[in-house]
Amino acid sequence: SAFGRFLGALFLILPLWWLLAGYLGDDQGVGLRVGIRLVIPAVLAVTMVRSLDRRGETCLLGGLMLGLLIALVQAAVGAIEASGSYPWSVVLGSRLRVLGLHPNLGGALLAMGLPLALAWSRTGKGGKGAQRVLGLALFLGTAFALYQTGSRTSIVAGTVGAAFLYVLLRFRTKQRFAWVLPAGAVAAVLGLALFASPLGDPVRDRLDSMAQSQSGLGQRWHIWKMAWDATLSEPITGVGPLCFHALSTHAQPSYFDGTSQTLHTHNILLAASAGAGFVGLGIFIAWCLGIFEFGRRVLLREKGSGRILPAALVSTLVVLALCSQLDLGQSQVSFLPMFVWVCLGVLASRLSGTVAARESHAESTATYSCLGVLLWPAMGSTLLGFFLLASGNAD
C-alpha cells in the first residue's frame with residue numbers, strides 16, 4: 001500500500017540521515033555506530049517475524065513474561081542481599097536498580113511490562129486459570145518494583161500504558177478508534193504552541209527559577225534549553241548523534257546537576273533535533289506517527305482475542321514514547337531498541353495477513369521464547385550501552 005511504502009521509505013531515510021549528520025557532526029565515529037545500532041536490530045527482528053504464526057506470537061509474549069520474571073527475581077535477590085548489610089527500611093527506601101541500570105532506565109523497562117503482563121493474563125483459554133493468576137501476579141510484582149525505582153516518569157507512563165491497553169481493547173469500532181492518533185497529535189501541537197506563546201511566560205519563568213534549585217524538573221529545563229540552543233547552532237544537520245554532551249559540558253550548569261547530568265538531552269525530540277537538525281526531527285516525528293498509525297490500522301483489522309497482542313505492543317510503545325520525553329533521551333536511538341523493531345515486525349505480519357491461525361512451526365517455539373527471555377536484558381544493555389557510549393566520549 002501507499003502507507004506501507006511511505007513507512008518503508010522512512011525506515012531507510014531515518015538511519016541514513018543520522019549517518020550523514022554523524023559524518024558532518026563533531027564525532028564521525030559516533031554517527032557510524034548509531035547507524036549500525038539502528039540497522040542490525042531491525043534486520044534481525046524483521047527477519048524473525050516474517051513467518052511468525054499465532055503459536056509463535058503466544059510463545060513470544062510468554063517469553064517476554066519469563067524475561068520480566070527473571071528481572072523481578074534478580075531485583076528481589078539483590079534486595080535480600082542488601083538487607084544483610086542495611087536495615088529493610090533503608091533497602092526499601094533506596095531506588096531499585098534492575099539489571100544494574102539507572103533507576104530511570106530500569107523503571108522504563110518495568111513500565112513496559114505492565115501492559116504486557118495484563119495482555120498475557122488474557123491470552124490463556126478464556127483469560128482464566130493459572131495463566132491469568134500468574135499474569136496478574138506479574139503485574140502486581142512489576143508495579144511494586146516500578147514504584148521502588150522512584151522513577152516518577154516511568155510510573156506515570158506505566159499507568160498510562162495499562163489504561164491505554166484497556167481503551168484499545170474496548171474501542172472495537174472504526175468510528176470510536178479513528179480519532180485517537182489525530183486527536184493526540186493536535187493536542188500536542190496546541191500544547192507546545194500555548195507554552196511558546198506569551199501565555200506560557202509564567203510557566204517558563206517558574207521553570208527558570210527551578211533550574212537554580214534542587215529540582216529534577218528544573219535540571220531538565222536547563223538541559224532542554226541547551227539542547228534547543230544546540231539545534232539553533234546547526235539547524236539543518238545538528239551537532240551530530242550523541243554529540244550533545246560535547247556542547248553541554250561547556251555550558252553554564254544549573255545549580256542541581258553541575259555537569260554530571262548534561263550528557264544527554266533527557267528528551268527524545270530534542271535529542272533528534274540537536275543531533276540531526278530540524279530535518280532529522282521532522283523525519284523522526286513522521287516515523288513515530290507512522291508507527292502508531294500502523295498499529296491503529298492493525299487494531300482496526302483484528303477482532304476478538306487477535307487484538308490482545310497488537311494492543312499490548314502499541315500500548316508498550318506508548319509507554320516507551322512517554323518515558324523518552326523526560327528520561328530516555330540519551331540519543332536519537334533510545335526510542336529504537338530492539339523491542340520497537342519486534343513490535344513493528346509483528347504488526348507488519350498482522351497487516352499483511354502473513355500471520356496464520358495455525359498450530360504449526362512448533363520447532364520455532366524455542367527461538368521465540370529465548371528471544372523473549374533475552375529481550376529485557378538485551379534492551380537494558382542497549383540503553384545502558386548508549387549511556388556509557390556518551391559517558392566515554394565525555395571523558
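The basis for the numbers below is simple: all heavy atoms, side chains too, and nothing from hydrogens, waters or symmetry mates.
Counting heavy atoms from C-beta on, the side chains of Val156 and Val160 come closer than 4.5 Å. Side-chain contact between Ser154 and Leu146: present, with at least one pair of heavy atoms (C-beta onward) separated by less than 4.5 Å. Inter-residue side-chain proximity for Trp120 and Leu64 is flagged as unmet; no heavy-atom pair is nearer than 4.5 Å. Looking only at side-chain heavy atoms (C-beta outward), Leu138 and Leu69 come within less than 4.5 Å of each other. Residues Leu134 and Phe139 form no side-chain contact, since every pair of their non-hydrogen atoms from C-beta on lies 4.5 Å or further apart. Side-chain contact between Leu270 and Trp228 is present, with at least one heavy-atom pair separated by less than 4.5 Å. Between Ser197 and Leu194 the shortest side-chain heavy-atom distance falls below 4.5 Å. Looking at heavy atoms from C-beta onward, Thr153 lies out of side-chain contact with Asn104 at the 4.5 angstrom threshold.
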Exercise for review: Might you work through the side-chain contact (heavy atoms from CB on, under 4.5 Å) test for Phe284 and Ile268, ending with a clear yes or no?
Suggested key: CA-CA 10 Å; Phe284 181 72; Ile268 193 63; 3.7 Å; yes
* **From CA spacing to verdict: side-chain contact (heavy atoms from CB on, under 4.5 Å), Leu168, Ser315** => CA-CA 8 Å; Leu168 293 183; Ser315 300; 3.6 Å; yes
Working for side-chain contact (heavy atoms from CB on, under 4.5 Å), residues Leu326 and Trp224: CA-CA 10 Å; Leu326 290 174; Trp224 293 341; 3.3 Å; yes
Exercise. Would you please test Leu116 and Leu68 for side-chain contact (heavy atoms from CB on, under 4.5 Å) and show each step?
Key: CA-CA 10 Å; Leu116 289 174; Leu68 180 58; over 6 Å; no
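Rounded to the nearest 0.5 angstrom, Asp201 CG and Arg206 CZ are separated by 15.5 Å. We find the CD1-CG distance between Ile291 and Leu313 to be 12.0 Å, quoted to the nearest 0.5 Å. The CG atom of Leu322 sits 9.5 Å away from atom CZ of Phe164, with the distance rounded to the nearest 0.5 Å. Interatomic distance, Leu165 CG to Ile308 CD1, rounded to the nearest 0.5 Å: 8.5 Å. Annotation: the span from Leu320 atom CG to Leu109 atom CG amounts to 9.0 Å, rounded to 0.5 Å. In this structure, the separation between CD1 on Ile236 and CZ on Phe278 is 9.0 Å, given to the nearest 0.5 Å.
Closest approach of Pro115 to Ala312, counting heavy atoms only: O-CB, 4.2 Å. Residue Leu169 comes nearest to Ala311 through the heavy atom pair CD2-CB, 3.8 Å, listed as atom of the first residue, atom of the second, then distance. Nearest approach of Ala157 to Val319, heavy atoms of both residues: O-CG2, 3.4 Å. Here the closest heavy-atom approach between residue Arg97 and residue Gln74 is recorded as O-OE1, 4.4 Å. Closest non-hydrogen pair, Thr265 versus Asn267, comes out as OG1-O, 2.8 Å. The two residues Ala117 and Met65 make their nearest non-hydrogen contact at CA-SD, 3.5 Å.
The main-chain N or O of Thr149 is found under 3.5 Å from a side-chain atom of Arg95 such that the two form a donor-acceptor pair. In this structure, Trp17 contributes its side chain and Ala276 its backbone to a donor-acceptor pair below 3.5 Å. Arg132 places no side-chain N or O within 3.5 Å of a backbone atom of Arg122 that could act as its donor or acceptor partner. Under a 3.5 Å cut-off, the side chain of Gln325 and the backbone N or O of Ala321 do form a donor-acceptor pair.
At a threshold of 4.5 Å between side-chain heavy atoms, the hydrophobic network of Ile, Leu, Val, Met, Phe, Trp and Tyr places Val77 and Leu110 in one connected group. Under a hydrophobic clustering in which Ile, Leu, Val, Met, Phe, Trp and Tyr are joined whenever their side-chain heavy atoms come within less than 4.5 Å, directly or via other members, Phe144 and Leu96 fall into different clusters. A continuous path of Ile, Leu, Val, Met, Phe, Trp and Tyr side chains, each step under 4.5 Å between heavy atoms, connects Leu136 with Val73, placing both in one hydrophobic cluster.
Under the rule for a ring-ring contact (aromatic ring centres under 6.0 Å, His included), the partners of Trp221 that lie at least two apart in sequence or sit in another chain are Phe195.
Shown here is Arg204, whose CZ atom has more than 12 heavy atoms of other residues, nucleotides or ligands within 6.0 Å. Surrounding CZ of Arg152 are at most 12 heavy atoms belonging to other residues, nucleotides or ligands under 6.0 Å away. With a 6.0 Å radius and a threshold of 12 heavy atoms from other residues, nucleotides or ligands, Tyr147 has its OH atom at or below the threshold.
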Scan the side chains in residues 79-92 for donor-acceptor partners under 3.5 Å anywhere in the protein, sequence neighbours excluded, and list what turns up.
| from | atom 1 | to | atom 2 | distance (Å) |
| --- | --- | --- | --- | --- |
| Ser83 | OG | Ile80 | O | 2.5 |

